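See structure below.
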Amino acid sequence: MPPTICTTPRTSPVQAVILDWAGTVVDYGCMGPAAVFVTAFQQFEIEASISQARQFMGLEKKDHIRAMTRLPEIRSRWLQTKGKAPDESDVQAIYAKTEPMMVEAVAQHSGVIDGALGFVDGLRRRGIKIGSSTGYTRPMMDALVPLAARQGYSPDAVVCSSDVPAGRPRPWMCFLNAIKLDAYPMASMVKIGDTLTDIEEGLNAGMWTIGLTQSGNELGLTAAQAAGLPDAERTRRLEAIRTRYEKSGTHYVAAGIWECIALVDAIAMRISRGERP
């Protein structure tokens with residue numbers, strides 16, 4: 001079924017916002033995918049940590065596995081266990097285990113993050129179109145999209161890594177969103193995500209970018225766990241994430257999507273003054 005494009009009269013110079021999924025709109029803490037990669041490697045007698053899996057979150061899933069096999073610790077374990085370095089056939093074998101587990105995981109971690117629906121409503125009232133990009137593949141999204149819709153979240157366009165020649169940090173998913181949304185120029189669009197690769201994707205597409213520090217992969221905690229941190233510790237961790245984002249070139253940083261409508265308005269003001277990302 002073709003997407004339902006927002007037809008609200010536009011009151012903002014921002015044409016469209018492209019949202020990541022896990023850690024941005026659903027699955028606070030991006031908890032589902034990280035555990036799947038650890039389990040998949042364990043099935044090949046290779047121990048991988050959650051922190052190793054989180055390093056590459058946001059990439060297309062095969063690229064994610066390739067990147068993990070290049071980590072010195074995992075490569076060394078593979079050599080010790082298998083007697084050879086991991087190669088492309090190993091990547092494909094791990095991915096064959098990963099995809100069905102990922103489909104199950106995204107369904108189990110499909111809860112819409114508090115504040116996301118209010119943000120989406122704010123975009124609708126401004127006549128801003130809503131697209132989405134993800135490192136998930138189409139079978140994974142086929143499981144996730146209807147679950148999110150039941151909770152009230154249905155973007156105008158859904159583009160995943162298997163829809164384009166290559167995933168993040170390449171800009172192709174953002175470009176395909178622009179085509180589906182009939183939105184241009186790219187400098188009138190905003191990319192929001194919770195990983196460094198989200199930011200790189202948006203920058204490579206010539207878009208404004210907003211990086212999320214608290215709700216996603218970089219902090220890697222559920223809402224309850226994040227709230228339970230001592231204030232000083234939470235601040236320390238979030239500031240470290242902010243620093244990484246700012247070094248990557250992001251235009252704005254927010255704790256979560258619940259803070260982003262003011263930032264979209266700030267970007268709109270900059271666009272109206274003739275500024276470009």
Side-chain angles (χ1 to χ4, degrees), residues 20-82 84-111 113 132-144 147 160-164 166-170 173 193-201 212 215-222 225-226 237 241 244:
D20 176 52
W21 281 80
T24 297
V25 180
V26 300
D27 187 10
Y28 196 115
C30 203
M31 307 305 290
V36 168
F37 287 112
V38 172
T39 301
F41 274 81
Q42 285 175 340
Q43 294 192 11
F44 291 83
E45 303 177 29
I46 304 297
E47 291 299 318
S49 68
I50 290 288
S51 62
Q52 288 170 329
R54 285 193 180 278
Q55 289 183 49
F56 309 105
M57 208 65 70
L59 293 176
E60 187 273 331
K61 300 315 172 195
K62 285 183 183 177
D63 287 340
H64 191 136
I65 293 168
R66 289 187 187 98
M68 288 184 67
T69 62
R70 296 186 189 114
L71 289 172
E73 302 92 337
I74 290 180
R75 194 172 184 84
S76 175
R77 290 172 198 146
W78 202 285
L79 281 165
Q80 292 173 4
T81 304
K82 309 293 184 184
K84 70 176 188 68
D87 57 24
E88 185 60 21
S89 67
D90 297 312
V91 170
Q92 298 296 332
I94 297 169
Y95 180 75
K97 298 287 188 180
T98 299
E99 184 165 66
M101 288 191 292
M102 197 69 74
V103 170
E104 182 177 351
V106 299
Q108 292 175 346
H109 295 82
S110 62
I113 293 171
S132 64
S133 70
T134 178
Y136 290 151
T137 59
R138 183 55 60 182
M140 300 169 196
M141 293 309 296
D142 286 344
L144 179 55
L147 294 174
C160 57
S161 57
S162 56
D163 294 336
V164 293
R168 299 169 181 149
R170 293 171 178 82
M173 285 193 289
D194 64 294
T195 66
L196 291 169
T197 51
D198 279 296
I199 294 168
E200 292 169 2
E201 176 191 26
L212 306 182
S215 67
N217 176 72
E218 293 297 305
L219 185 61
L221 299 176
T222 65
Q225 289 169 338
R237 294 194 194 185
I241 298 167
R244 291 198 294 274

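As the structure is a prediction and not an experimental result, all values here were calculated from the model.
- Rounded to the nearest 0.5 angstrom, D163 CG and T134 OG1 are separated by 10.5 Å.
- Within the 4.5 Å cutoff, side-chain heavy atoms of K97 are placed close to those of F44.
- For the pair L221/R237, a side-chain contact is recorded, criterion being any heavy-atom separation below 4.5 Å from C-beta on.
- Counting all heavy atoms, side chain and backbone alike, Y28 lies closest to T222 at CD2-C, 3.6 Å.
- Taking 4.5 Å as the limit, some side-chain heavy atom of L71 sits within range of a side-chain heavy atom of Q55.
- Side-chain contact check for P169 versus L59: some heavy-atom pair is nearer than 4.5 Å.
- Looking at K82 and D90, no side-chain N of the basic residue comes within less than 4.0 Å of a carboxylate O on the acidic one, giving no salt bridge.
- A143 approaches V103 most closely through the heavy-atom pair CB-CG1, 3.9 Å.
- Among all heavy-atom pairs drawn from A48 and M68, the shortest one is CB-CE, 3.9 Å.
- The line from CD of E218 to CZ of R244 is 5.0 Å long, rounded to the nearest 0.5 Å.
- Inspection of the W78 and T69 side chains reveals no N or O donor paired with an N or O acceptor under 3.5 Å.
- Proximity of S162 to M141: side-chain heavy atoms (C-beta onward) are nowhere separated by under 4.5 Å.
- The two atoms that bring A53 and A34 nearest to each other are CB-O, 3.8 Å, heavy atoms only.
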- request: Let me see the working for S49 and V38 under side chain to side chain contact (heavy atoms under 4.5 Å, CB included), right down to the final yes or no.
  value: CA-CA 6 Å; S49 68; V38 172; 5.9 Å; no
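- Atom CD of residue Q43 and atom OG1 of residue T98 lie 8.0 Å apart, to the nearest 0.5 angstrom.
- For the pair S215/T24, no side-chain contact is recorded, criterion being any heavy-atom separation below 4.5 Å from C-beta on.
- When each of K62, M140, E104, K61 is checked for a side chain to side chain contact (heavy atoms under 4.5 Å, CB included) with E99, only M140 meets the rule.
- The environment of R54 atom CZ is dense: over 12 non-hydrogen atoms of other residues, nucleotides or ligands sit within 6.0 angstrom.
- Summarising the geometry of S89 relative to D87, their closest heavy-atom pair is OG-OD1, 2.5 Å, with the distance given to 0.1 Å.
- Considering only heavy atoms from C-beta on, V26 stays 4.5 Å or farther from S110 through its side chain.
- To the nearest 0.5 Å, the span separating CZ on R75 from NZ on K84 amounts to 9.5 Å.
- With contacts defined as side-chain heavy-atom distances shorter than 4.5 Å, the pair V36/P33 does not qualify.
- Checking side-chain atoms of D194 against main-chain N and O of N217 turns up a donor-acceptor pair under 3.5 Å.
- Applying the salt bridge (charged side-chain N to carboxylate O under 4.0 Å, His left out) test to pairs two or more places apart or on separate chains, those with a residue in residues 20-49 are D20-R168.
- Interatomic distance, M57 CE to L196 CG, rounded to the nearest 0.5 Å: 12.5 Å.
- Here the closest non-hydrogen pair linking C30 and G216 is CB-C, 4.2 Å.
- Ring pair F37/H64 is parallel by interplanar angle, where below 30° counts as parallel and above 60° as perpendicular.
- One distance of note links CZ of R66 with CD of Q92; it measures 6.0 Å at 0.5 Å rounding.
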